[in-house]
Amino acid sequence: MKYIYDLHKTMLANNLILIYEGEFTQEITKSVLSMAERNMDSMGEESNIKRKVFNVMVECLQNIVKHSDEVDDHDSDQPSAIFMIGKSNTDYIITTGNPIKNENVDKVKGRLDKINGLDKDGLKQLYKEIIKGTEISEKGGAGLGFVDMARKSGNSLDYAFEQMNDKYSFFSLKSTISGQA
Amino acid sequence: MEILNLEGTEDTPKIILDQGNGIFEISGRSLPEDTAEFYEPILDWIKGYSQSPNDKTEFVFKLEYFNTASSKLILDVLSALEDIDGTSVLWYFHEDDEDMEEAGEEFSELVEIPFEFKTY
């Protein structure tokens, strides 16, 4: 039973407010959002910070719902994705992790690097280019999620890819929303 | 035109499209699971309305939040309205919600429709 205490200590040490691991659906997205909203309300968080955190959470969660690649390993009962929200001083840290196919790593990395290389005006321009140019993809995304996360958070998007096996990599993504000083 | 009236939910906006009373409004939160499916009847309604519209159409957006997939469909709604003479947009945003104000400004730069901005 020691893992319970260890997990508890890990959460406290990393200032984690909420961790969800497992299946991601629209229903679960709504539940996670409402838990996080209640949590921020109880901490008396300012409404503009709450809105930004909500915004980034939605894009993160819906990204997983739409883009997480199903690991087709039937022997494994490994949950497919993880979502975490933490608070460090005045900053909110929203983290997600999900498997993606190795062949998609470079594409995702390229998009994130491009976004991280842009300033506020550059991101605005990119947002307008994408919204004018895109049809909604088969998966229901508009290709705007990462751009919006970078714009709303006002910070670059930290990421990492860990190779899981010859087919999948684990994609970790972190956004930081700075609270008001 | 038949009135299109959809109650808002925690992930879909409230919609009122009422030609007789001249009320055209989208309000609340928009983060549906399938954005294209949710907005389809709205786009269809506007297409029908454009056949014989009122002299003036003041379309109200009073959104608390919308996700990026919805932003594409909101642009589709605005593009459909662009072809209707006498259309204007009234874009509401909460007084401390700069992001929603900026979103409205960006939409106004993407279509040829006069926008008016108001806080609530």
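A note on names: the letters A, B, ... follow the listed sequences, proteins ahead of strands, and every chain is numbered from 1. Fair warning: this is a prediction, and the values are worked out from it, not measured in the lab. Only this structure's heavy atoms are used, side chains among them; waters, hydrogens and symmetry mates stay out.
The candidate with the highest count of non-hydrogen atom pairs below 4.5 Å against chain B, out of A:Lys52, A:Glu59, A:Arg151, is A:Glu59. If you tally non-hydrogen atom pairs under 4.5 Å between each of A:Val147, A:Asp148, A:Val65, A:Asn55 and chain B, the highest count goes to A:Asn55. Interface remark: of the candidates B:Asp97, B:Leu110, B:Leu75, B:Asp99, B:Asp97 forms the most heavy-atom pairs closer than 4.5 Å to chain A.
The part of B:Glu102 that comes within reach of chain A is its side chain, from C-beta onward, which places non-hydrogen atoms under 4.5 angstrom from that chain. In this structure, chain B has a heavy atom under 4.5 Å from the side chain of A:Gln62, while its backbone stays farther away. If you measure heavy-atom distances from B:Asp34 to chain A, you find no contacts under 4.5 Å at all.
A cation-pi arrangement, defined by a distance under 6.0 Å to the six-membered ring centre and an angle within 45 degrees of its axis, is present between B:Lys62 and B:Tyr120.
Between the side chains of B:Thr9 and B:Asp11, at least one donor N or O lies within less than 3.5 Å of an accepting N or O. Between the side chains of B:Tyr49 and B:Thr57, at least one donor N or O lies within less than 3.5 Å of an accepting N or O. Of the N and O atoms on the side chains of B:Asn67 and B:Ser30, not one donor lies less than 3.5 Å from an acceptor on the other residue. Between B:Ser71 and A:Tyr127, the side chains place a donor N or O and an acceptor N or O closer than 3.5 Å (distance only, hydrogens not considered).
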